[in-house]
Amino acid sequence: MDLGLAGRTYVVTGGSGGLGRATAEALVADGAQVVVSGRHQESVRATTEALGERARGVVADNADPDTPARLVAAARDAFGRLDGALVSVGGPKNGSVMDSADEAWTAAYESVFLGGVRLGREIGRELEDGGALAFVLSSSVKAPLAGLAISNGLRPGLAMVAKTLADELGPRGIRVNGLMPGRVETERVRWLDEQTGDAEAAHARAVETIPLRRYGTPEEFGRAAAFLLSPAASFVSGVMLPVDGGMLRAL
């Protein structure tokens, strides 16, 4: 199926690694142009070099209030248009509610929550009819994850913001959706497994909770995200899509 991505331009935050990079790769593979952002110059440069001439990179932090304007300008300067964005950011610090200090909550709020809200709001203002936003969330939107109290607290709120933004931007022909990844083979998930003290056992326990009996790949997530951003999903909006192999038990 032709997703209709050829010639379109998307911003991908957190695009220099993990799920963001996988989405940027899927978009470019289907003919789109991308502006990827990340906090580290080396990883941003490596990503844009790998993606080729239809990619540009911006070193930026989602928590910085200037980031949305810089990304919009980069897309327009490089490619002359902006058709949407994937809003992704690295997961917050692990820990329990009782053991997570105020500073950890505040830092995560600035990057994961407020940064996401700001990016969606400011990029949403720049989009025209046919534009699309997608937020990378987590299965913690639907069910808490052990040891990830901060994510459990912030991700559901951002999902509701995305749902509300779909209502607000819909009349202008702009779609807003969210993706809820489960256990996908990224550095973050491998690190979380390692934090248990026995990564192999943690992996095995997690696989038993997934009906497909395996972790997902970043490429599988990237293809799902590219579809939601594409014109092929032109009547899909306000959806929080699990990409988890069936792990979530809630509807």
For residues Val87 and Tyr109: do they belong to one hydrophobic cluster (side chain heavy atoms under 4.5 Å, members Ile, Leu, Val, Met, Phe, Trp, Tyr)? yes
Arg183 bridged to Asp193 by N-O distance under 4.0 Å: yes
Could you give me the CA-CA distance, side-chain angles and deciding distance for Ser139 and Met247, then say whether side chain to side chain contact (heavy atoms under 4.5 Å, CB included) is met? CA-CA 9 Å; Ser139 61; Met247 182 182 73; 3.5 Å; yes
Show the nearest heavy-atom pair for residues Val35 and Ala75, with the distance to one decimal. CG2-CA, 3.7 Å
Quick one: do Leu127 and Val239 end up in the same hydrophobic cluster if we chain Ile, Leu, Val, Met, Phe, Trp and Tyr together by side-chain heavy atoms under 4.5 Å apart? no
Just by distance, no angles: are the side chains of Thr164 and Asp167 close enough, under 3.5 Å, to form a donor-acceptor pair? no
Compare every heavy atom of Gly130 with every heavy atom of Arg8, then report the nearest pair and how far apart it is. NH2-O, 3.0 Å
Flag side-chain contact, heavy atom, 4.5 Å: Leu248 against Pro242: yes
So that I can tick it off, tell me whether Glu208 and Arg205 are bridged by a salt bridge, with the cut-off set at under 4.0 angstrom between side-chain N and carboxylate O. no
Correct closest heavy-atom pair for Ser100 and Gly95 would be OG-C, 3.8 Å
Salt bridge present between Arg172 and Glu128 (N-O < 4.0 angstrom): no
Quick one: pull up OG1 in Thr47 and CZ in Arg56 and give me the separation to the nearest 0.5 Å. 14.5 Å
Would you sort out whether Leu119 and Phe135 count as a side chain to side chain contact (heavy atoms under 4.5 Å, CB included), showing the intermediate values? CA-CA 10 Å; Leu119 283 157; Phe135 290 82; 6.0 Å; no
Of Thr186, Val136, Asp244, which is the lone residue that meets side-chain contact (heavy atoms from CB on, under 4.5 Å) with Pro181? Val136
When you check the gap from the basic side-chain N to the acidic O, do Glu25 and Arg21 get nearer than 4.0 Å? yes
Answer yes or no: is there a donor N or O on one side and an acceptor on the other, between the side chain of Asn94 and the main chain of Leu148, under 3.5 Å? no
Roughly how far apart are Asp61 CG and Asp66 CG, rounded to 0.5 Å? 11.5 Å
Could you give me the CA-CA distance, side-chain angles and deciding distance for Ile123 and Val72, then say whether side chain to side chain contact (heavy atoms under 4.5 Å, CB included) is met? CA-CA 7 Å; Ile123 294 176; Val72 169; 4.1 Å; yes
In this structure, CG of Leu169 is separated from CZ of Arg125 (nearest 0.5 Å) by 10.0 Å
Salt-bridge present (Arg81, Glu126; N to O < 4.0 Å): no
List the steps and the verdict of side chain to side chain contact (heavy atoms under 4.5 Å, CB included) for Leu82 and Val11. CA-CA 8 Å; Leu82 178 60; Val11 162; 3.9 Å; yes
If you group Ile, Leu, Val, Met, Phe, Trp and Tyr by side-chain heavy-atom gaps below 4.5 Å, do Leu3 and Phe221 land in one group? yes
Hydrophobic clusters here meaning ILVMFWY residues chained together by side-chain heavy-atom distances under 4.5 Å, can you tell me if Val176 and Leu241 are in one? no
Using atom types as modelled and distance alone, determine if a side-chain donor or acceptor of Thr48 lies under 3.5 Å from a backbone N or O of Arg45. yes
Under 3.5 Å side-chain donor-acceptor pair for Ser88 and Thr13: no
When every non-hydrogen atom of Asn62 is compared with those of Arg118, the smallest separation belongs to O-NH1, 3.8 Å
How far apart are the closest heavy atoms of Ala232 and Met1, and which atoms are they? CB-CE, 4.2 Å
Between Thr217 and Glu185, is any side-chain donor less than 3.5 angstrom from a side-chain acceptor? no
As an exercise, state the distance from CG of Leu133 to CG of Leu228, rounded to the nearest 0.5 Å. 11.5 Å
Output the distance between atom CG (Leu229) and atom CG (Asp83), rounded to the nearest 0.5 Å. 10.0 Å
